[in-house]
2 protein chains.
Amino acid sequence: MARGRASGYPGQRAAILAASARLFAQHGFAATSMNQLAQACGLSKPALYHYFADKDALLAEIAEAHVRQLLAVVRDVEAACADPAARLPLLIRRFVEEYAGAQDAHRVLTEDVRFLDDARRTRILDIEREVVAGFADAIAALRPQLAGRAKPLAMLLFGMINWLFTWFRPGGRLDYAALAPLVADLFLHGALNMGPE
Amino acid sequence: MARGRASGYPGQRAAILAASARLFAQHGFAATSMNQLAQACGLSKPALYHYFADKDALLAEIAEAHVRQLLAVVRDVEAACADPAARLPLLIRRFVEEYAGAQDAHRVLTEDVRFLDDARRTRILDIEREVVAGFADAIAALRPQLAGRAKPLAMLLFGMINWLFTWFRPGGRLDYAALAPLVADLFLHGALNMGPE
DNA sequence: CCTACCGATCGGTAGG
DNA sequence: CCTACCGATCGGTAGG
């Protein structure tokens, strides 16, 4: 949000978070300097430190807000979807949409969270685990025989979706909008047809 | 290979590469200093620069050697596997083994290669593309109807396997040895049962 | 003139 | 909220 005048403290905070997410996603957390960040925001470096205690606080807030939003989507689908077998396809679609709208934050979540200190990282991983559990429930609802392997299967599903966004930047030849149905197709047919034990 | 006396130039080079891969995988490329690296190798920093031109050269050599080894596995399976339908399951198994034996290099390949300059990164991505093409061929051989979507499917498969190694460090509760058959099961049943168009 | 290094320090920049 | 800085450490290289 370079030079875009953000009115008030909350707006400025949000603008800084958006610019940080973009720079962290682009160059990596460690390779992004606070000076670069200040310049991108049209602020001095000390001004930046007025809004956030340190560089890690930016990383933590970007990642936590994103993963909380993902958990909210899980809860929303659980509440809205009466038919348990329909929950998983809907979850997949909603997540791909969610990722697409928050690619910078998502990349920060998947690549940079490991550099946080234990306390902050644990908070985020705990929320992540709730998200995975939500997917695992949806898998078990789709086919109860898979209940014992629902969590590992959920993680493989996340592997596919996450990788999609590591590889495909917007505007590429194979974009994620075209790949989302392929992911759903592959996973659902695999889950429904694989051996029961 | 800290303090391990490596006899001769080639041995010392190999020891440095192994230590670099470990440190880059552990702390990230940007967050690993040449001083740390030198210390881990039991060398002075100038000695390190005797073996490698700069920090990027280390990253490039680790990633390129690993991806070349992956391509060699693809070629090996292609040559050894007479039955085309049996190729994909074998490829999956061989790759999980290969990844398991080179986790540090693999993490460097998947997370740090993007920081290389264009020339070096392109060299590595070109080899990666050959590997993906090998998997796509195996998918098309398994079920010719999928030929048109073989490459995207190959990438989803890599997504699952790569994510496995991002999440599971050796000795965890759910290790990759147990998950490899799950990956193969899910993918093969999905690929064989999904819609033909 | 080669190899395989050493102790010390270069010019710049990191987070704060 | 800026200019002006800090202690330390960065990647890389000097002479010997």
Side-chain angles (χ1 to χ4, degrees), chain A residues 1-17 19-21 23-24 26-62 108 112-117 119-120, chain B residues 1-24 26-63 108 112-117 119-121:
Chain A
M1 212 61 76
R3 300 273 154 207
R5 201 192 317 281
S7 50
Y9 186 92
Q12 188 60 273
R13 262 186 79 88
I16 294 169
L17 286 169
S20 302
L23 286 176
F24 292 166
Q26 218 161 68
H27 307 115
F29 175 72
T32 302
S33 76
M34 291 300 268
N35 273 322
Q36 279 177 272
L37 206 44
Q39 195 171 11
C41 298
L43 295 172
S44 68
K45 200 163 45 164
L48 214 54
Y49 279 92
H50 172 67
Y51 292 95
F52 296 92
D54 53 35
K55 204 183 172 190
D56 281 16
L58 281 166
L59 171 51
E61 196 157 325
I62 292 163
V108 169
D112 294 324
V113 161
R114 68 187 183 112
F115 298 122
L116 286 173
D117 56 275
R120 297 200 240 211
Chain B
M1 210 63 76
R3 301 270 155 208
R5 200 192 316 279
S7 50
Y9 187 93
Q12 188 61 275
R13 262 185 80 86
I16 293 168
L17 287 170
S20 303
R22 162 148 300 168
L23 286 176
F24 292 165
Q26 218 160 68
H27 308 115
F29 176 71
T32 302
S33 76
M34 291 301 268
N35 274 322
Q36 280 177 271
L37 203 45
Q39 194 170 12
C41 298
L43 296 172
S44 68
K45 197 162 49 161
L48 213 55
Y49 280 93
H50 172 69
Y51 292 95
F52 296 92
D54 52 35
K55 204 184 172 189
D56 282 15
L58 280 166
L59 171 50
E61 196 157 325
I62 292 164
V108 168
D112 295 324
V113 160
R114 67 188 183 113
F115 299 121
L116 286 173
D117 58 273
R120 298 202 241 210
R121 199 179 60 250

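Within every chain, numbering begins at 1; the chains are lettered A, B, ... in the order of the sequence lines, protein sequences first and strands thereafter. These numbers were taken from a predicted model, which means no experiment stands behind them.
- The distance from the CZ atom of B/F24 to the NZ atom of B/K55 is 6.0 Å, given to the nearest 0.5 Å.
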Problem - Worked check of side-chain contact (heavy atoms from CB on, under 4.5 Å) between B/D56 and B/F115 - result: CA-CA 9 Å; B/D56 282 15; B/F115 299 121; over 6 Å; no
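- The line from CG of B/D112 to CD1 of B/I62 is 9.0 Å long, rounded to the nearest 0.5 Å.
- Scanning both residues, B/A31 and A/A30, for their nearest heavy atoms gives N-CB, 4.2 Å.
- Between D/dC10 and B/S33, a contact under 4.0 Å exists linking OP1 or OP2 to a side-chain N or O.
- Close to D/dG11, at under 4.0 Å from its OP1 or OP2, lies no side-chain N or O of B/N35.
- The two residues A/F52 and A/R13 have their closest heavy-atom pair at CE2-NH2, 3.3 Å.
- At whole-Å resolution of the value, CD in A/Q39 and P in C/dT13 are 13 Å apart.
- The minimum heavy-atom distance between B/L58 and B/M34, with the atom names listed, is CD1-CE, 4.1 Å.
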Exercise for the section: Could you walk me through whether A/R120 and A/L59 pass side-chain contact (heavy atoms from CB on, under 4.5 Å), step by step? Expected result: CA-CA 10 Å; A/R120 297 200 240 211; A/L59 171 51; over 6 Å; no
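- Rounded to an integer number of Å, the gap from B/L37 CG to D/dC10 C1' is 14 Å.
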For residues 42-50 of chain B, tabulate all N or O donor-acceptor pairs below 3.5 Å that involve a side-chain atom, not counting sequence neighbours.
residue: B/S44; atom: OG; partner: B/A47; partner atom: N; Å: 3.2

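- Taking a 4.0 Å limit (strictly below) on heavy-atom distances, residues 47-54 of chain B reaches DNA chain C at B/A47, B/H50, B/Y51.
- Look at the P atom in both D/dG16 and C/dA4: the space between them is 23 Å, to the nearest Å.
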Problem - Dot-bracket encoding per residue of DNA chain D, Watson-Crick/G-U cut-off under 3.5 Å, | denoting interstrand - result: ....||.|..|.|.|.
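- Atom pair B/D56:CG and D/dC10:P shows a separation of 16 Å (rounding to whole Å applied).
- Taking atom CG on A/L59 and atom C1' on C/dG15, their separation rounds to 15 Å, with Å as the unit.
- The line from OG of A/S20 to CD of A/Q36 is 11.0 Å long, rounded to the nearest 0.5 Å.
- The side chain of B/S44 approaches C/dC5 more closely than any other nucleotide in the set C/dC5, D/dT3, D/dT13.
- In this structure, NZ of B/K55 is placed 8 Å from P of D/dG12, rounded to the nearest angstrom.
- Summarising the geometry, the separation between NZ on B/K45 and P on D/dT9 is reported as 12 Å, rounded to the nearest angstrom.
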